[in-house]
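Since the structure is predicted, the reported quantities are computational estimates derived from the model, not experimental observations. Just so it is clear: chains get the letters A, B, ... in the order the sequence lines come, proteins before strands, and each one is counted from 1.
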Amino acid sequence: MKNGPLSLLFNTLVTIFILAPLVVVCLVAFTPEDVLSIPTTSFSLRWFRAVFNESGFIAAFQTSLWVAFASASISAALALPAAFAIARGQFRFRHVVNGLFLSPLMIPSLVMGVALLRLFAMLGVRGSLLWLILGHVIIVTPYVIRLVLGSLVGFDKSIEHAAESLGAGKWTVFRRITFPLIVPGIFGGWILAFINSFDELTMSVFLTSPTTITLPVKMYMYATESINPMLSAVSALIIVLTAITMFVLDRVYGLDKILIGKQ
Amino acid sequence: MTHPDPGVAPARKRRLSFLGAMPLTLLFIGLLIVPLVLTIVLSFRPYDYDLGVQAGWTLEQYIEIFTSNYTLTVFWRTLWISGLVTIICVLIGVPESYILSRMKAPWNSVFLLVILSPLLISLVVRAFGWSMLLNPMSPIGKLTQMMGLGSLLYTSSAVVIGLVHVMLPFMIIPVWTSLNKIDPQTIKAAYSLNASKWQTIKRVILPQATPGILSGSLIVFGLSTSAFAIPVLLGGGRSRMVSNSIYEQFMVDLNWPMGAALAILLLVMNLIIMMSYNQILERSYKRSLG
Amino acid sequence: MSFLQLHGLTKKFADTTAVDNLSLDVAKGEFVSLLGPSGCGKTTTLQMIAGFVDVTAGSIILDGKDITFAKPNERGLGIVFQTYALFPHMTVEKNVAFGLEMRKLSGSDIARRVKDALAMAQLEKFAQRYPRELSGGQRQRVALARALVIQPPVLLLDEPLSNLDANLREEMQFELRRIQQQAGTTTIMVTHDQAEALSVSDRVVVMREGKVIQIDEPYVMYENPATPFISRFVGKTNTFAVTLTTTEQGRQFDLDGHRITLTNESAIAPNTGTCEALMSVRPEKIEIGRQGQGRFAGSVKNSFFLGNLWMYEVQTAFGLLIVSVINNHQQVYKIGENVSLDWHENALKVLAAEPAGDL
């Protein structure tokens with residue numbers, strides 16, 4: 001039942017296909033030339049230096065971090081009581097509400113961008129950082145809700161009953177029993193939300209302004225205007241950053257949960 | 001204790017239990033429902049290139065879309081590119097998932113990680129990488145020129161390649177998941193009943209993997225129709241998809257009602273796909289699992 | 001006044017009555033089992049005592065205090081849940097200490113009492129382990145220690161042994177009883193396993209479809225089941241239908257050519273006249289011997305060796321009977337062999353009696 005040589009060949013080809021663009025990007029980042037080329041004789045760090053000198057990218061990176069952090073946190077703060085209400089409450093339209101919170105998954109971010117642009121224009125808040133963050137909250141909430149709800153639904157309520165029978169009041173039960181046990185779900189949801197917000201491009205293209213530009217949008221703009229190895233260097237840095245983050249996440253939490261959850 | 005239903009709580013307690021979900025519900029109504037409604041309304045407004053958006057109701061945007069050669073071409077291109085991407089993802093993704101599922105540790109997690117990690121890397125990076133790979137100056141670019149295909153960059157082919165690259169993980173995840181759910185004993189049972197390797201694949205493994213393949217296909221198709229960065233960066237002006245058009249209408253032509261109409265149509269298309277996803281999934285599960 | 005009183009306890013759901021007018025007086029230190037098939041209301045009763053299910057009618061009085069409407073965290077009862085419900089993120093020590101922390105005892109008091117509780121449950125070595133690192137039996141003992149360390153007035157056990165495998169179960173039955181007697185705690189246990197209920201309880205309450213059918217000591221209930229259901233649910237029995245005639249000579253019926261006169265009193269059989277009766281005789285009360293030794297002829301259809309017992313299925317003129325014999329160097333009978341059965345008349349019980357028609 002092992003994989004034969006044909007299968008392994010196929011697997012190798014697929015792997016090459018998947019990694020090729022990333023490898024190329026990293027290689028080109030080290031070119032000493034002015035144009036896109038793969039460095040053969042000499043490697044240079046000039047483009048990396050250019051990235052740090054070009055404050056635009058650094059500022060965009062910081063903005064992305066901020067927006068991702070804020071939207072993930074706001075989403076988690078709002079989603080936690082909402083998930084409790086859906087999992088444990090008994091109001092009649094629980095499923096409708098749950099569907100509402102998951103609906104952004106079914107709406108193309110392109111459409112979200114357009115719709116929010118319309119709203120922001122009407123409200124006169126076009127280009128505002130706060131409203132951009134709120135837009136991101138909408139997009140990332142499904143991931144948080146899914147993971148928090150998942151850990152609540154699988155929760156053995158007799159554990160809470162045991163704590164109650166031993167004398168714990170409702171708040172103590174939540175603080176010492178329920179919450180510690182759903183923290184992994186909350187954490188996983190937050191991480192997933194952060195990643196999705198940080199990488200968000202399509203909706204943000206419509207909602208950012210030169211002062212609130214996020215990193216993906218900045219890179220996109222740069223790619224459409226000028227093609228030079230600077231973008232390569234930024235990309236290589238992002239790849240390294242992502243790899244480090246993935247490694248840390250895997251140690252702390254388990255990467256498979258996040259990757260399978262990202263779908 | 002096994003918990004019998006404690007009975008339905010009194011109505012007031014029921015309504016109060018909704019409180020926790022209230023803030024998020026309000027946010028969603030304000031930033032999801034309202035904007036969508038506004039966009040729908042906008043799509044029915046007339047547009048004058050000199051005066052801007054006008055008041056009143058009209059179907060002219062939709063009529064324009066369905067009669068204009070240009071938009072029909074764009075929609076058609078979007079559909080066939082998405083369809084082609086989906087088919088290629090199935091042809092590559094299903095065998096790959098199968099191969100992955102049969103790997104031993106630690107190789108299976110290593111390769112799974114390798115294949116899924118691009119998900120965490122920004123779209124722009126990936127598109128940029130392909131634009132370099134397909135550039136006429138690159139080895140691949142030179143190869144295709146030698147083969148008489150010309151430059152692949154800024155053609156539909158580049159878009160397809162880029163989209164396949166982005167969408168492949170979305171196909172592999174559900175297929176791999178459903179392959180993993182297969183009870184390995186059923187495969188052993190098939191072998192013990194003298195089925196050959198291919199028969200086993202065809203009659204035992206594939207049917208059980210079908211829900212995953214279907215769900216993956218629908219996800220890939222849906223995401224492809226609304227893809228934005230890849231078509232723009234790899235397709236350029238010659239290979240416009242719906243997303244390019246929407247962007248142009250909103251940001252360049254400033255014909256917001258038209259852009260809104262296109263966006264609504266895109267949304268409707270996606271909703272139809274999602275709903276058939278649920279239908280097909282339910283039906284295939286009912287048939288295979290009873 | 002008894003320690004725990006349940007007066008007319010009733011629980012109604014939308015369309016069913018789960019518990020119907022249950023009354024029970026439990027003495028201090030007594031071990032009472034609620035026994036019955038699933039759906040009989042035993043678990044719901046326990047949950048009402050614990051406070052997790054609201055009472056529709058009736059009251060619960062504990063040591064003179066009415067706790068019917070008290071919140072679960074105010075009742076101070078010790079509960080062992082069916083899934084043990086150990087706190088997965090706390091060590092064994094912290095699990096056991098939890099109830100004491102809620103009672104705001106001093107750190108040194110808690111440490112001392114936890115140590116004693118762990119010693120009593122033989123868990124000292126596992127104090128720093130987490131529940132996921134323990135076996136089923138160990139987890140069960142942690143749950144018990146956690147419930148007992150708070151010195152509750154009543155201990156509630158919800159099918160505490162059903163998740164353990166057979167060997168362990170028997171061992172734990174004795175453990176449970178030993179610990180309970182050592183602590184002297186009034187205990188109510190819910191179980192569907194009649195052997196379990198019989199072996200550890202002072203009294204057994206049999207429930208069916210929400211109602212109490214019989215409350216008795218195990219031995220009394222086994223020998224004098226109040227209904228045919230109980231005679232089959234509690235232990236095994238053989239039943240056969242006869243025509244029972246009551247005259248001045250007493251209650252008599254004919255069986256396989258012999259006239260049998262009942263020696264036991266029967267509340268079920270009528271005082272005069274003829275009736276169709278269902279008789280019961282337990283497998284261990286039938287004597288099996290070689291052909292001709294006993295009154296009733298039969299042939300062995302099947303035999304099972306259970307280690308301490310032999311069980312034979314014997315076909316007689318009045319039905320297929322199950323006979324059990326202690327494995328005590330007695331004659332062993334083979335399948336197909338012709339044998340004979342007999343019994344003392346006081347082993348016969350009348351299960352049901354109808355004036356006419358079939359049972």
Exercise for the section: Sort B:Val34 into side chain, backbone, both or neither according to what part of it lies under 4.5 angstrom from a heavy atom of chain A. Expected result: side chain
Problem - Over 12 non-hydrogen atoms of neighbours within 6.0 angstrom of CG in A:Leu6 - result: no
Practice task
Tell me, out of A:Asn11, A:Ile86, A:Val111, A:Leu117, who's got the most heavy-atom pairs with chain B below 4.5 Å.
Solution key: A:Asn11
Practice task
Can you tell which part of A:Val234 gets under 4.5 Å to a heavy atom of chain B, answering side chain, backbone, both or neither?
Solution key: neither
Problem - chain A contact via B:Pro169 - which portion, at a heavy-atom distance below 4.5 Å - result: neither
Completion exercise
So, the part of A:Leu13 with a heavy atom under 4.5 Å from chain B: the answer is neither
Practice task
Check whether B:Ile273 gets within reach of chain A through its side chain, its backbone, both or neither, counting any heavy atom under 4.5 Å.
Solution key: neither
Fill in the blank from the handout: Interface check, chain B: of A:Leu116, A:Val97, A:Leu134, most non-hydrogen pairs under 4.5 Å belong to A:Leu116
Practice task
Name the option with the most non-hydrogen atom pairs under 4.5 Å to chain A; the candidates are B:Ser243, B:Pro23, B:Ala260.
Solution key: B:Ser243
Fill in the blank from the handout: In terms of heavy-atom pairs under 4.5 Å with chain A, the winner among B:Thr39, B:Val125, B:Leu24 is B:Leu24
Handout entry: Region of A:Leu201 that comes under 4.5 Å of a non-hydrogen atom in chain B
Key = side chain
Completion exercise
Looking only at A:Leu110, A:Thr242, A:Val25, A:Ile74, most heavy-atom pairs under 4.5 Å shared with chain B are made by A:Leu110
Handout entry: When B:Pro35, B:Ala227, B:Gly30, B:Gly129 are compared by non-hydrogen pairs under 4.5 Å with chain A, the top option
Key = B:Pro35
Fill in the blank from the handout: Ranking A:Tyr222, A:Phe84, A:Phe206 by heavy-atom pairs under 4.5 Å to chain B gives rank one to A:Phe206
Handout entry: A:Ser204-A:His136 side chain donor-acceptor pair, cut-off 3.5 Å
Key = yes
Handout entry: Part of B:Met103 lying under 4.5 Å from any heavy atom of chain A
Key = both
Practice task
Would you mind checking which part of B:Phe111 comes under 4.5 Å of any heavy atom in chain A, side chain (CB onward), backbone (N, CA, C, O), both or neither?
Solution key: side chain
Exercise for the section: Can you tell which part of B:Leu168 gets under 4.5 Å to a heavy atom of chain A, answering side chain, backbone, both or neither? Expected result: side chain
Handout entry: Side chain / backbone / both / neither for B:Val232 at chain A, heavy atoms under 4.5 Å
Key = side chain
Practice task
Compare all side-chain heavy atoms of A:Pro108 with those of B:Leu267 and state whether any distance is below 4.5 angstrom.
Solution key: yes
Problem - Heavy-atom side-chain proximity of B:Leu266 to B:Thr78 below 4.5 angstrom - result: no
Practice task
Would you mind checking which part of B:Phe28 comes under 4.5 Å of any heavy atom in chain A, side chain (CB onward), backbone (N, CA, C, O), both or neither?
Solution key: both
Exercise for the section: Report yes if the side chains of A:Glu200 and A:Thr214 come closer than 4.5 Å at any heavy-atom pair, otherwise no. Expected result: no
Problem - pair B:Leu133-B:Ile161: side-chain heavy atoms closer than 4.5 Å - result: no
Practice task
Kindly indicate whether the side chain of A:Pro104, heavy atoms from C-beta on, has any atom under 4.5 Å from the side chain of A:Thr141.
Solution key: no
Practice task
Decide side chain to side chain donor-acceptor pair (under 3.5 Å) for A:Ser197 and A:Ser71; before the verdict, give the C-alpha distance in whole Å, the side-chain angles of both, and the deciding distance to 0.1 Å.
Solution key: CA-CA 7 Å; A:Ser197 167; A:Ser71 56; 3.2 Å; yes
Problem - Beyond-backbone contact of A:Met219 with A:Phe57, side-chain heavy atoms, under 4.5 angstrom - result: yes
Completion exercise
Ranked by heavy-atom pairs below 4.5 Å to chain A, first place among B:Val124, B:Leu32, B:Ile99 goes to B:Ile99
Exercise for the section: Could you look at A:Val137 and say if it's the side chain, the backbone, both or neither that has a heavy atom under 4.5 Å from chain B? Expected result: side chain
Problem - Toward chain A, the part of B:Leu38 with a non-hydrogen atom under 4.5 Å - result: both
Handout entry: Beyond-backbone contact of A:Phe17 with B:Val164, side-chain heavy atoms, under 4.5 angstrom
Key = yes
Exercise for the section: Please name the residue in the list A:Ile139, A:Thr208, A:Val217 that meets the side-chain contact (heavy atoms from CB on, under 4.5 Å) test with A:Met203. Expected result: A:Ile139
Practice task
Test side chain to side chain donor-acceptor pair (under 3.5 Å) on A:Thr178 and A:Glu160 and set out the steps.
Solution key: CA-CA 7 Å; A:Thr178 317; A:Glu160 291 180 339; 2.6 Å; yes
Problem - Contacting moiety of A:Ala121, where chain B heavy atoms sit under 4.5 Å - result: side chain
Handout entry: Side chains of A:Ile238 and A:Leu215 in contact at under 4.5 Å (non-hydrogen atoms)
Key = yes
Handout entry: Verdict with supporting geometry, A:Phe10 and B:Tyr98, ring-ring contact (aromatic ring centres under 6.0 Å, His included)
Key = CA-CA 11 Å; A:Phe10 187 82; B:Tyr98 180 66; over 10 Å; no
Practice task
Look at A:Phe101, A:Phe198, A:Tyr220 and state which one has the largest set of heavy-atom pairs under 4.5 Å with chain B.
Solution key: A:Phe101
Practice task
Under 4.5 Å heavy-atom distance to chain B, tell me which part of A:Ser232 shows up: side chain, backbone, both or neither.
Solution key: both
